[in-house]
Amino acid sequence: MMTFSLWDILRNLLNGAALTAVLSITAFVLGSLAGLAILFARISKYRAPRAFAKLYIEAFQGTPLLLQLFMLFFGLSLFGLDVPAWLAACLGLMLFTSAFLAEIWRGCVESVPRGQWEASASLALTYGEQMRHVILPQAMRVAIAPTVGFAVQVVKGTAVTSIIGFAELTKTGSMIANATYQPFLVYVLVALGYFALCYPLSWYAQRLERKFHAPRTN
Amino acid sequence: MPLVQTNRLHKFYGTNHVLKGIKLDVEEGEVVTIIGRSGSGKSTLLRTLNGLESIDDGTIEVDGTALVAGEGDLRALRQKVGMVFQQFNLFPHLSAGQNVMLAPQVVKGTNKREAAEIAREMLARVGLDQKFDAFPDQLSGGQQQRVAIARALAMSPKVLLCDEITSALDPELVNEVLTVVRRLASEGMTLIMVTHEMRFAREVSDKLVFMHEGRVHESGHPQEMFAQPATPEFANFIRSLH
């Protein structure tokens with residue numbers, strides 16, 4: 001029978017943690033870009049993009065992430081598309097992230113008082129100029145803390161991708177637990193790994209919240 | 001020809017007919033004050049003049065730029081019509097100077113140095129040249145409103161709309177704002193105001209417009225109107241002020 005030293009366990013878990021980090025960052029960065037596009041559709045002057053974005057957001061918010069991954073992973077293979085686990089994981093988390101971020105950011109844009117729109121309109125700024133110079137700079141301040149906070153959810157959300165066989169931290173943990181017969185030790189280490197990834201983000205979000213909780217004039 | 005001209009202006013909020021065929025002429029350099037009870041349509045009328053409220057019928061013409069039942073070049077109109085709001089609406093993420101610089105830079109393409117010069121000049125006009133770098137939350141309400149006036153002036157508008165600009169101010173801060181408006185009036189700025197400061201309105205206005213139920217009910221020279229109300233509604237309104 002093979003034996004595993006603590007270092008063997010740790011080494012493998014660190015590899016898994018690295019994949020978790022890479023998956024989180026990829027999903028978050030791509031999801032932010034897609035989320036920005038969904039945001040602009042959601043607050044558009046036109047009905048069609050607004051309706052599409054609303055449906056998109058509700059679909060992703062109203063179903064479990066796990067099912068979204070299943071549909072990507074198993075559903076696409078029905079159409080003859082062979083989706084590898086890593087691609088399904090990235091894609092699924094990206095879509096999930098984009099929907100949530102778009103909704104978080106919509107709230108931030110709408111928190112900018114109507115008077116800001118009116119004042120900038122009365123100065124003859126176009127919609128795009130209002131957005132760029134007046135609305136988004138104010139919305140961004142409000143958005144930073146909840147956005148970083150949501151990043152924590154994304155990191156924890158990556159654990160779900162273990163189900164479709166992507167060898168991130170949780171999947172690595174369960175494989176090692178099976179091989180070493182030391183599930184408690186392994187899962188405690190796995191949990192510590194997530195905590196080490198998430199805690200700095202939570203801490204940072206809290207700090208930003210205090211920093212940007214600036215007084216407003218109206 | 002009048003600088004500002006509206007004809008047969010109609011506006012509905014759903015089934016509520018708020019403006020019922022307004023005809024208003026404002027000559028260049030004239031100071032016009034619109035008064036009336038709340039709900040009479042006075043603020044709505046003011047806000048149609050720079051397209052913040054759309055109109056359902058009629059025309060608005062300002063210095064040759066026309067808006068016909070909502071169709072027309074809003075951007076061109078807004079460059080001729082400045083507006084100051086009850087709630088100041090300064091951009092809180094920008095300093096006083098940057099608030100004034102923004103529109104000249106973005107809309108007119110003025111370069112930064114020149115825009116800063118304009119901003120200093122406009123802030124000096126409202127007596128705040130030393131507050132160029134202050135942020136809105138570091139200014140009193142009166143100072144914020146003066147920056148808002150400077151911001152509107154920086155676009156060199158043909159006419160300035162003032163929508164109850166002292167109503168949100170503490171009483172002791174009202175005068176500094178009225179002093180600025182009084183000076184603008186004496187410099188020949190065309191002003192259209194909605195205000196509850198009746199004494200001030202009588203003092204600076206060339207023309208008073210009394211609105212009642214969506215119509216211009218009575219208008220004329222303020223002293224004469226107050227001395228001899230032509231309609232019972234206006235007489236009632238005056239009585240309710242005391």
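Only a predicted model underlies this, so the values are computations on that prediction, with no experimental measurement involved. Proteins get letters first, then strands, A, B, ... in listed order; numbering begins at 1 in each.
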A:Y56 and A:S98: side-chain donor and acceptor closer than 3.5 Å? yes

Please tell me whether A:F100 and A:F60 form a close aromatic pair, meaning their ring centres lie under 6.0 Å apart. no

Could you pull out all residues at least two apart from B:E121 that satisfy salt bridge (Lys or Arg N to Asp or Glu O under 4.0 Å)? none

Proximity breakdown for [X] and chain A, heavy-atom pairs closer than 4.5 Å:
X      : result
B:M83  : both
B:V84  : neither
B:R151 : both

Go through B:L161, B:L52, B:N50, B:V106 and name the one with the most non-hydrogen pairs under 4.5 angstrom from chain A. B:V106

Could you check which of B:G51, B:A76, B:A103 has the highest count of heavy-atom pairs closer than 4.5 Å to chain A? B:A103

Short side-chain to backbone donor-acceptor contact, B:Q143 and B:S140, under 3.5 Å: yes

Evaluate whether atom CE of A:M140 has more than 12 neighbouring non-hydrogen atoms of other residues, nucleotides or ligands under 6.0 angstrom away. no

